[in-house]
S.K.: 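My questions will all concern the structure given below.
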Amino acid sequence: MDIGKIVQALVDRPLQSEENHSLINRRKEIRSLELLIKYQPFGIFGISGETGIGKTTVLNVLDSGDIKKLSVSLIHRDNRETILYDLLFSLSNVLKKDSIDKMRAIAKETEEWIVEQVSIIKGASLGFSLFGSGGGSIEKQKMPRFNVFAAHEKLRTLLETLVMNYGKVLLVIDELDKESKQDVINVLDSLKLELQQDKLMVLFSLPYGIYRDYRQDRMKWNESGNLENVIKDVVFLSELTDSDIRELLLKRLGNLTSWFRPESLEPIVSFADGNPRDALWIAQKVVFDNAGAKFISVSDANESVKKIVREYMGDLALTEIQRKTLKVASDFSGNKEELLDLLKSNAIKRTTSYSTIERLTSLGLLIERNGTYRISGKAKVFLNISQ
């Protein structure tokens, strides 16, 4: 096998706009986002889904048409002040290469101001640290703080200038999907005044928890939740089907698929549970585990997946009730009430079932997606090797 080429083909990375031909089953969601961008006059929107599902890829291939599109990532999210400065700096860094002279000038001036502000804070912090490290009592010093009011004003000016010069603008802000729900709410709350202006469309990548809460807020009669007051709409990326994962692997491998014998991708597809990142990760593991082989057979793939599950889940201790629940639900797919009825018919008390389902879901052995429960592919392998 040409391991180098195979591993390169299976690298977990977001697709770029010129690679949209390799996109798997996301045209509907992309179409929804493109319609929002084209027809909504302004607002904060979101794209949500579990980690590794392909949110960044969708953001990359999104076609904004004639609307100016800018993409930034928030990296420093320690508190509201650093969030504000991070967005301002990232935006300035992109716009200092803009084709419009006025835009470049404002962006450059803003970036230099941020660097100066951060230098002052860092320098003062170091001085205080050195002062306080000696013996004796420590005098309280008034530490300088970020000039938040000026930063908000500069962000507003930057965005207003963008809209003035380009008409409608799409600002894509990535990486927030990796944060906790509360941290994301803090980010949105700290930036909402500047981001909610006419002709400015802002699209955030959001964690699944935000979408779940937003969905609940939207369905409450005459009672708005915090998220509904900030976010106008969220497009959700559901898990891929087994067929989609299979197609993804075949497209990535291209003419390298000859190294995989018929059906050898099936253990990889089952393990992935509809998540592209998991599929690419375990596929690489299978390749490395069979580096000396001439090709990968289905038995090779099965043994490699079992080895990985044993390594990562071998110390997982389950009660007899938990094991029985997984065995009973091995071919189940349905809502919680249906699962509870199934367990009851197999002599598992309803009260016990509630806590068992919650525990197995938290362990990732039982998967809940939009109210539908099923046993994970990893759990099936785990049950097989631990019998």
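Keep in mind that the numbers below use all heavy atoms, side chains included, and drop hydrogens, waters and symmetry copies. Remember, predicted model here, so these are calculated numbers, not experimental data.
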S.K.: Could you point out which residue of R277, R252, K285 forms a salt bridge (charged side-chain N to carboxylate O under 4.0 Å, His left out) with D12?
M.R.: R277
S.K.: Can a donor-acceptor pair be found, under 3.5 Å and without considering hydrogens, that links the side chain of E50 to the backbone of E239?
M.R.: no
S.K.: Looking at R369, I'd like to know if its CZ atom is crowded, meaning that more than 12 non-hydrogen atoms belonging to other residues, nucleotides or ligands lie closer than 6.0 Å.
M.R.: yes
S.K.: Please lay out, stage by stage, how T241 and N25 fare under the test side-chain hydrogen bond (donor to acceptor under 3.5 Å, both in side chains).
M.R.: CA-CA 9 Å; T241 65; N25 197 18; 5.3 Å; no
S.K.: Give a yes or no answer on whether the side chain of S330 reaches the backbone of K327 with a donor-acceptor pair at less than 3.5 Å.
M.R.: yes
S.K.: Roughly how far apart are L360 CG and I367 CD1, rounded to 0.5 Å?
M.R.: 12.0 Å
S.K.: Backbone N or O of K232 within a donor-acceptor pair of the Y214 side chain at under 3.5 Å?
M.R.: yes
S.K.: Passes side-chain contact (heavy atoms from CB on, under 4.5 Å), L363 versus L318? Steps please.
M.R.: CA-CA 10 Å; L363 290 172; L318 297 180; 4.0 Å; yes
S.K.: As a quick check of understanding, evaluate side-chain contact (heavy atoms from CB on, under 4.5 Å) for R246 and I268, giving each step before the final call.
M.R.: CA-CA 9 Å; R246 194 176 299 108; I268 296 170; over 6 Å; no
S.K.: Write down the atom of T352, the atom of S355, and the distance for their closest heavy-atom approach.
M.R.: O-OG, 3.0 Å
S.K.: Just how far is it from atom CG of L59 to atom OG of S17, taken to the nearest 0.5 Å?
M.R.: 12.5 Å
S.K.: Do the side chains of R104 and D101 get close enough for a salt bridge, i.e. N-O under 4.0 angstrom?
M.R.: yes
S.K.: Is the shortest heavy-atom distance from the side chain of K336 to the side chain of L340 under 4.5 Å?
M.R.: yes
S.K.: What distance do F382 atom CZ and L316 atom CG have between them, rounded to the nearest 0.5 Å?
M.R.: 4.5 Å
S.K.: Only counting residues at least two apart or in another chain, list the ones meeting ring-ring contact (aromatic ring centres under 6.0 Å, His included) with Y354.
M.R.: none
S.K.: If I take atom CD1 from residue I296 and atom CD1 from residue I6, how far apart are they, to the nearest 0.5 angstrom?
M.R.: 6.0 Å
S.K.: For R323 and S386, run side-chain hydrogen bond (donor to acceptor under 3.5 Å, both in side chains): C-alpha distance rounded to whole Å, both residues' side-chain angles, the deciding distance at 0.1 Å, then the answer.
M.R.: CA-CA 10 Å; R323 285 181 178 275; S386 60; 3.1 Å; yes
S.K.: Could you tell me whether the side chain of K96 reaches within less than 4.5 Å of the side chain of T110, counting heavy atoms only?
M.R.: no
S.K.: Given 3.5 Å as the limit, does a donor-acceptor pair link the side chain of R261 with the main chain of S258, or not?
M.R.: yes
S.K.: Does E338 CD have over 12 foreign heavy atoms under 6.0 Å away?
M.R.: yes
S.K.: Dump the intermediate steps for side-chain hydrogen bond (donor to acceptor under 3.5 Å, both in side chains) on S297 and S299, then the final yes or no.
M.R.: CA-CA 5 Å; S297 67; S299 61; 3.0 Å; yes
S.K.: Can you establish whether the number of heavy atoms outside R374 located under 6.0 Å from its atom CZ is more than 12?
M.R.: yes
S.K.: Between E112 (side chain) and E109 (backbone), is there a donor-acceptor pair under 3.5 Å?
M.R.: no
S.K.: Hey, does the side chain of K380 reach the backbone of I375 with a donor-acceptor pair shorter than 3.5 angstrom?
M.R.: no
S.K.: Are V298 and V309 connected in a single hydrophobic cluster, I mean Ile/Leu/Val/Met/Phe/Trp/Tyr linked by side-chain heavy atoms less than 4.5 Å apart?
M.R.: no
S.K.: What heavy-atom pair brings S333 and T372 nearest, and what distance separates the two atoms?
M.R.: OG-CG2, 3.6 Å
S.K.: Give a yes or no on this: more than 12 heavy atoms of other residues, nucleotides or ligands lie within 6.0 Å of atom NZ of K68.
M.R.: yes
S.K.: If you apply the rule side-chain contact (heavy atoms from CB on, under 4.5 Å), what do you find for Y373 with T361, and how did you get there?
M.R.: CA-CA 9 Å; Y373 288 81; T361 302; 3.9 Å; yes
S.K.: Taking all heavy atoms of S238 and all of I53, pick out the closest pair and write down the distance.
M.R.: O-CG1, 3.7 Å
S.K.: Grouping I, L, V, M, F, W and Y whenever their side-chain heavy atoms are under 4.5 Å apart, do V94 and L170 come out in a common cluster?
M.R.: no
S.K.: What pairs of donor and acceptor atoms, side-chain ones from residues 193-207 against any protein atom, are under 3.5 angstrom apart with sequence neighbours left out?
M.R.:
residue	atom	partner	partner atom	Å
E194	OE1	H152	ND1	2.9
E194	OE2	H152	ND1	3.1
E194	OE2	R156	NH2	2.8
Q196	NE2	V230	O	3.3
Q197	NE2	E194	O	3.1
S205	OG	D174	OD1	2.8
S205	OG	E175	N	3.1
S205	OG	D177	OD1	3.2

S.K.: Heavy-atom distance under 4.5 Å between the side chains of L265 and L250, does that happen here?
M.R.: yes
S.K.: Considering all heavy atoms of both residues, which atom of A279 and which atom of L249 are nearest to each other, and what is their separation?
M.R.: O-CD2, 4.3 Å
S.K.: If I take atom CD from residue E320 and atom OG1 from residue T325, how far apart are they, to the nearest 0.5 angstrom?
M.R.: 11.0 Å
S.K.: Find out if a path of hydrophobic residues (ILVMFWY) with successive side-chain heavy-atom gaps under 4.5 Å connects V163 to I67.
M.R.: no
S.K.: How long is the straight-line distance from CG of D98 back to CG of L162, given to the nearest 0.5 Å?
M.R.: 7.0 Å
S.K.: Is it the case that the side chain of K69 and the backbone of L62 share a donor-acceptor pair, with hydrogens and angles ignored and the cut-off at 3.5 Å?
M.R.: yes
S.K.: Are L248 and L280 packed together at the side-chain level, in the sense that at least one heavy-atom pair is separated by less than 4.5 angstrom?
M.R.: yes
S.K.: For atom CZ of F332, is the number of surrounding heavy atoms from other residues, nucleotides or ligands below 6.0 Å larger than 12?
M.R.: yes
S.K.: For atom NZ of K251, is the number of surrounding heavy atoms from other residues, nucleotides or ligands below 6.0 Å larger than 12?
M.R.: yes
S.K.: Would a single hydrophobic cluster contain both L36 and I173, if residues Ile, Leu, Val, Met, Phe, Trp and Tyr are joined by side-chain heavy-atom contacts under 4.5 Å?
M.R.: no
S.K.: With heavy-atom distances below 4.5 Å as the criterion, would you say the side chains of I357 and L366 are in contact?
M.R.: yes
S.K.: When you group the ILVMFWY residues by side-chain heavy-atom contacts below 4.5 Å and let the links chain together, are L256 and V286 in the same group?
M.R.: yes
S.K.: Looking at side-chain heavy atoms only, is the closest gap between I3 and V287 below 4.5 Å?
M.R.: yes
S.K.: If you compare all heavy atoms of Q40 against all heavy atoms of F45, which two are closest, and at what distance to 0.1 Å?
M.R.: CG-CZ, 3.6 Å
S.K.: Parallel, tilted or perpendicular: which describes the rings of Y211 and F236, with under 30° parallel and over 60° perpendicular?
M.R.: parallel
S.K.: Answer whether the closest heavy-atom distance between the side chains of V72 and N93 falls below 4.5 Å.
M.R.: no
S.K.: I'd like to know if the side chain of K324 and the backbone of N346 have a donor-acceptor N/O pair within less than 3.5 Å.
M.R.: yes
S.K.: Show the nearest heavy-atom pair for residues F271 and W281, with the distance to one decimal.
M.R.: CZ-CZ3, 3.8 Å
S.K.: Donor-acceptor pair, distance only, cut-off 3.5 Å: does the side chain of S270 make one with the backbone of E266?
M.R.: no
S.K.: Apply side-chain contact (heavy atoms from CB on, under 4.5 Å) to the pair K306 and E303, showing each step before the final yes or no.
M.R.: CA-CA 5 Å; K306 287 179 183 178; E303 288 306 311; 3.7 Å; yes
S.K.: Mind checking whether I348 and T356 have side chains closer than 4.5 Å, heavy atoms only?
M.R.: no
S.K.: K168 side chain to I37 main-chain N or O, any donor-acceptor pair under 3.5 Å?
M.R.: yes
